[in-house]
Amino acid sequence: RAAIPHPRRMAAALERRMELLPTLYTLFHEAATTGLPVARPMFFADPSDPELRALDDQFLLGDALLVAPVVHAGETSREVVLPRGSDWYAFPSGGERLAPGRIQVAAALGHTPVFARAGSIVVTRASALSARASSRLAPVLHVMLDRDGRARGHLYEDDGEQRVRSASEARLTRFEARLAAGRVQVEAESEGDYQAVVR
């Protein structure tokens, strides 16, 4: 018989989902236009690595995030494989850049380890009670610089309710960041005329 999740852990999971809604929405748009899945098997990170093909207890969310849930009852830590080809950061905290390879991480009940690829920009928003309320909040950019001090990402937006029929009803914004004189500079370029109401 499955244990009933603790209400606070359920609330934390829902809040995390709402925070990631801009990224999830962007990934669903990408899936609709390119056919790439939102949740991807690990070998998408490095098709030449046979070890990744055998991994079935962690996955990629788009090409920027790696999710490593605890899948065995009672465990409070787990081993995570960070694919070759880039460094990684704990997400959303950032901090020290992690080299590819196997690492052991804490994974207390109610906390799922997530990592962001170095060189990516992950967009979130503060948690809200609904998708509509979330869309009115300013986006937060999590800039995960690579070894060259650069990162890039993108955000797709529309009203979330109607089929997009013209450029005025959607907007795709591409972000590029670089480290210059000790400061992170972010440039944004948008296609489409949709303007979200931001409070």
Side-chain angles (χ1 to χ4, degrees), residues 2-3 5-6 8-24 26-27 30-31 36-125 127 140-155 175-179 182 184 186:
H6 191 282
R8 288 183 184 173
R9 290 193 286 271
M10 291 174 62
L14 290 171
E15 284 183 6
R16 190 173 218 184
R17 173 187 173 273
M18 293 305 296
E19 289 167 359
L20 283 171
L21 204 55
T23 290
L24 292 171
T26 299
L27 287 174
E30 185 177 305
L36 284 169
V38 173
R40 304 171 187 178
M42 289 301 302
F43 69 80
F44 270 51
D46 184 359
S48 67
D49 186 350
E51 180 184 22
L52 297 182
R53 292 186 177 273
L55 275 179
D56 61 0
D57 63 350
Q58 57 182 68
F59 62 93
L60 300 170
L61 198 56
D63 63 2
L65 295 176
L66 184 159
V67 183
V70 171
V71 295
H72 300 291
E75 290 190 350
T76 56
S77 67
R78 63 155 293 163
E79 185 178 72
V80 178
V81 177
L82 301 176
R84 300 178 305 204
S86 61
D87 295 328
W88 297 83
Y89 292 91
F91 181 82
S93 59
E96 179 185 356
R97 195 166 53 231
L98 305 168
R102 293 179 175 270
I103 61 170
Q104 194 74 21
V105 298
L109 190 61
H111 173 75
T112 299
V114 178
F115 300 87
R117 185 191 301 273
S120 65
I121 297 176
V122 181
V123 184
T124 65
R125 284 193 173 98
S127 179
V140 177
L141 305 183
H142 300 264
V143 178
M144 306 295 180
L145 296 173
D146 62 16
R147 294 184 183 188
D148 296 323
R150 294 184 176 273
R152 60 179 49 187
H154 58 281
L155 171 66
F175 302 101
E176 291 204 14
R178 64 189 181 94
L179 186 63
V184 175
V186 179

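Given the structure is predicted, the values throughout are model-derived calculations rather than measurements. Position 1 is the first residue of the sequence, and the numbers go up from there. Just so it is clear, the values below take in all heavy atoms, side chains as well, and ignore hydrogens, waters and symmetry mates.
Taking the side chain as every heavy atom from C-beta outward, L61 and V38 approach each other to under 4.5 Å. Between Y89 and S120, every side-chain heavy-atom pair lies at or beyond the 4.5 Å cut-off. For the pair L141 and V123, the minimum side-chain heavy-atom distance is below 4.5 Å. Counting heavy atoms from C-beta outward, T112 and V70 have side chains that stay 4.5 Å or more apart. Looking at T23 and L155, their side chains never come closer than 4.5 Å, going by heavy atoms from C-beta outward. At a threshold of 4.5 Å between non-hydrogen side-chain atoms, the residues M144 and I121 do not count as touching. Counting heavy atoms from C-beta on, the side chains of L66 and R117 never come closer than 4.5 Å. Within the 4.5 Å cutoff, no side-chain heavy atoms of H72 are placed close to those of D57.
A distance of 7.5 Å separates CG of L82 from CD of Q58, quoted to the nearest 0.5 Å. Note that CZ of R125 is 12.0 Å distant from CG of L20, once rounded to the nearest 0.5 Å. Summarising the geometry, atom CZ belonging to R178 is positioned 6.0 Å from atom CZ belonging to R150; distances are rounded to the nearest 0.5 Å. Note: L36 CG to L60 CG = 11.5 Å, rounded to the nearest 0.5 Å. Rounding to the nearest 0.5 angstrom, the gap separating the OG atom in S127 from the CZ atom in R17 is 10.0 Å.
In this structure, P69 and R78 approach most closely via the heavy-atom pair O-NH1, 2.6 Å. When every heavy atom of V184 is checked against every heavy atom of A177, the shortest pair comes out as CG1-CB, 4.2 Å.
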side-chain contact (heavy atoms from CB on, under 4.5 Å) evaluation trace for D146 with D87: CA-CA 7 Å; D146 62 16; D87 295 328; over 6 Å; no
Candidate pair M42 and E51, rule side-chain contact (heavy atoms from CB on, under 4.5 Å), full reasoning: CA-CA 9 Å; M42 289 301 302; E51 180 184 22; over 6 Å; no
Test log, rule salt bridge (Lys or Arg N to Asp or Glu O under 4.0 Å), inputs E30 and R40: CA-CA 13 Å; E30 185 177 305; R40 304 171 187 178; 2.7 Å; yes
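Less than 6.0 angstrom separates the ring centroid of H142 from the ring centroid of F91.
Within a 6.0 Å sphere centred on CD of E96, other residues, nucleotides and ligands contribute 12 heavy atoms or fewer. Within 6.0 Å of the CZ atom in R152, the count of heavy atoms belonging to other residues, nucleotides or ligands does not exceed 12.
For E19, there are no salt bridge (charged side-chain N to carboxylate O under 4.0 Å, His left out) partners two or more places apart in sequence or in a different chain.
The one candidate from W88, F44, F115 that meets the side chain to side chain contact (heavy atoms under 4.5 Å, CB included) condition with P83 is W88.
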